[in-house]
2 protein chains.
Amino acid sequence: MKDIEAIVQRFRDSGLKITPQRLSIFNLLKDNYDHPSAEDIYNKALEIHPTISFTTVYKTLQTLRDLGEILEINIDPERAHYDSVTDDHYHTFCTRCREIEDLMSGLYPVQELPDNNVVGGFDVQSVQVHLVGVCGSCN
Amino acid sequence: MKDIEAIVQRFRDSGLKITPQRLSIFNLLKDNYDHPSAEDIYNKALEIHPTISFTTVYKTLQTLRDLGEILEINIDPERAHYDSVTDDHYHTFCTRCREIEDLMSGLYPVQELPDNNVVGGFDVQSVQVHLVGVCGSCN
DNA sequence: GTTACTGCAAACAGTTTGCATTACC
DNA sequence: GGTAATGCAAACTGTTTGCAGTAAC
């Protein structure tokens, strides 16, 4: 995810409006290295905008995802999580505490894709590597 | 997933009963190299048992998953899919047709885990590698 | 002033459960 | 006969939508 000014510019360029609610969400995501669910973000946003609705948070997350500014992570079957770091990296998912964490690169190196991003006829848009198990804190 | 007799034995050994409905589900899974959702399996089962309920299919899938005989794949945010092949292998997920397919081993080789299955303090129970994109047929 | 956003309330879809009846062993 | 499975109906949870009022530009 770009820095706030760049995001604001990108929204304006796309004919999207900048509201205080949206700005708060941008800031929450920017400072966040967890992998929050929509509801996590909503709860934090409530502290700043006590009247903000879940719908607004949800729709803003969708917009950011569609613009490619954040990633939606689908590893927790119970809910989607979001990641403001869009560079290639992988995740661990703890089935006890449901926390998603970044996997230090180097700890689990994965094959490079070919230059055209095609593997066996399949056009790869993203590679998701999830190590599912139990994290250090839950052990 | 083991062959049918072994599954039947495993169920009996665990105090679980063998019903015609369950046997049909075992057979559907055994012959299946797709990655069906619970509803897919339910629809096929209906052709054999016109009165079978979704609940029965659902609960049997849970039991099989808990026994480790099938895997639940969480890559499609809209629904869980199941895989009767429990050996290590990876998947492609087409965002257009929502088909999950096996990734030929060799096309995208992945790092081996250390012997103790621990990566950076995280105790790995399974590794899920998903190539998300557009499949050959949808291109 | 025009266009898009907010927030409410309700719809939606997949998943999960409680419970009476039925079937397995 | 005792125990577990089936199947119905309803609850549940996260996600998504329609729409009237409001705010950005």
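Just so you know, these numbers use all the heavy atoms, side chains as well, and skip hydrogens, waters and symmetry mates. Here the structure is a predicted model, which is why all the values come from computation and not from measurement.
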Peer 1: Flag the pair Tyr42(B) / Ile52(B) as yes when at least one side-chain heavy-atom distance between them is below 4.5 Å, and no otherwise.
Peer 2: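 Result yes, sub-4.5 Å side-chain heavy-atom pair found.
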Peer 1: Taking only N and O in the side chain of Thr51(A), is any of them less than 4.0 Å away from OP1 or OP2 of dT6(C)?
Peer 2: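 Answer no for this pair, as no side-chain N or O of Thr51(A) is under 4.0 Å from OP1 or OP2.
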Peer 1: Kindly point out which of dA5(D), dT16(D), dT16(C) is positioned nearest to the side chain of Leu16(B)?
Peer 2: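 Of dA5(D), dT16(D), dT16(C), dA5(D) is nearest to the side chain of Leu16(B).
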Peer 1: Starting at atom CZ of Phe54(B), determine the distance to atom P of dT16(C), rounded to an integer number of angstrom.
Peer 2: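 For the pair Phe54(B) CZ and dT16(C) P, the rounded distance is 9 Å.
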Peer 1: When you match Ile18(B) and Glu72(B) each to their closest nucleotide on DNA chain C, which lands nearer the 5' end?
Peer 2: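 Result: Glu72(B).
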Peer 1: Indicate, with yes or no, if Ile75(B) and Leu71(B) share a hydrophobic cluster defined by side-chain heavy-atom contacts under 4.5 Å among Ile, Leu, Val, Met, Phe, Trp and Tyr.
Peer 2: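 Each belongs to a different hydrophobic cluster.
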Peer 1: For Thr55(A), which contact category applies under a 4.0 Å heavy-atom criterion: base, sugar-phosphate, or nothing?
Peer 2: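 The answer is base, as Thr55(A) lies within the cut-off (heavy atoms under 4.0 Å) of a base atom.
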Peer 1: For dC5(C) and Arg22(A) - does any side-chain N or O of the residue sit under 4.0 Å from the phosphate oxygens OP1/OP2?
Peer 2: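 For dC5(C), OP1/OP2 do have a side-chain N/O of Arg22(A) under 4.0 Å.
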Peer 1: In whole angstroms, how far is the C1' atom of dG14(D) from the CG atom of Asn43(A)?
Peer 2: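 Going from Asn43(A) (CG) to dG14(D) (C1'), I get 14 Å.
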Peer 1: One thing to verify: whether Glu69(B) and Lys2(B) come together as a salt bridge, which I'm taking to mean a side-chain N less than 4.0 angstrom from a carboxylate O.
Peer 2: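 Looking at Lys2(B) and Glu69(B), the cut-off is met.
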Peer 1: OP1 or OP2 of dC25(D) less than 4.0 angstrom from a side-chain nitrogen or oxygen of Arg12(A), does that happen here?
Peer 2: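 Looking at the OP1 and OP2 atoms of dC25(D), one of them is under 4.0 Å from a side-chain N or O of Arg12(A).
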Peer 1: If I take atom CG in residue Asp13(A) and atom C1' in nucleotide dC25(D), what distance separates them, rounded to the nearest angstrom?
Peer 2: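 So the two atoms are 14 Å apart, to the nearest Å.
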Peer 1: Is the phosphate of dG7(C), meaning OP1 or OP2, less than 4.0 Å from a side-chain N or O of Gln21(A)?
Peer 2: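 Yes, within the criterion.
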Peer 1: Given that His49(A) and Gln62(B) both sit by DNA chain C, which one's nearest nucleotide is further toward the 5' end?
Peer 2: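 Mapping each residue to its closest nucleotide by heavy atoms, the 5'-most match is His49(A).
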Peer 1: Decide if the gap between the ring center of Phe11(A) and the ring center of Phe26(A) is smaller than 6.0 angstrom.
Peer 2: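 Between Phe26(A) and Phe11(A), which both carry aromatic rings, the centre distance is below 6.0 Å.
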Peer 1: In whole angstrom, give the distance that lies between atom CG of Asp66(A) and atom C1' of dT16(D).
Peer 2: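 Interatomic distance, CG of Asp66(A) to C1' of dT16(D): 13 Å.
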Peer 1: Lys17(B) side chain: which of dA4(D), dG18(C), dT17(D) is closest?
Peer 2: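 So the nucleotide nearest the side chain must be dA4(D).
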Peer 1: I'd like to know if Arg10(A) pairs up with Asp13(A) as an ion pair, taking the criterion as any Lys NZ or Arg NE/NH1/NH2 lying under 4.0 Å from an Asp or Glu carboxylate oxygen.
Peer 2: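 Judged by the 4.0 Å cut-off on N to carboxylate O distance, Arg10(A) and Asp13(A) do not form a salt bridge.
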Peer 1: Identify, between Thr60(B) and Ala80(A), the residue whose nearest nucleotide on DNA chain D lies closer to the 5' end.
Peer 2: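 Nearest nucleotide further toward 5': that of Thr60(B).
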Peer 1: To the nearest angstrom, how far is Leu23(A) atom CG from dA23(D) atom P?
Peer 2: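 In whole Å, dA23(D) P lies 16 Å from Leu23(A) CG.
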Peer 1: Are OP1 or OP2 of dT6(D) and a side-chain N or O of Thr19(B) less than 4.0 angstrom apart?
Peer 2: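 Yes.
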Peer 1: Looking at Ser37(B), I'd like to know whether one of its side-chain N or O atoms comes within less than 4.0 Å of OP1 or OP2 on dG14(C).
Peer 2: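 Result: no.
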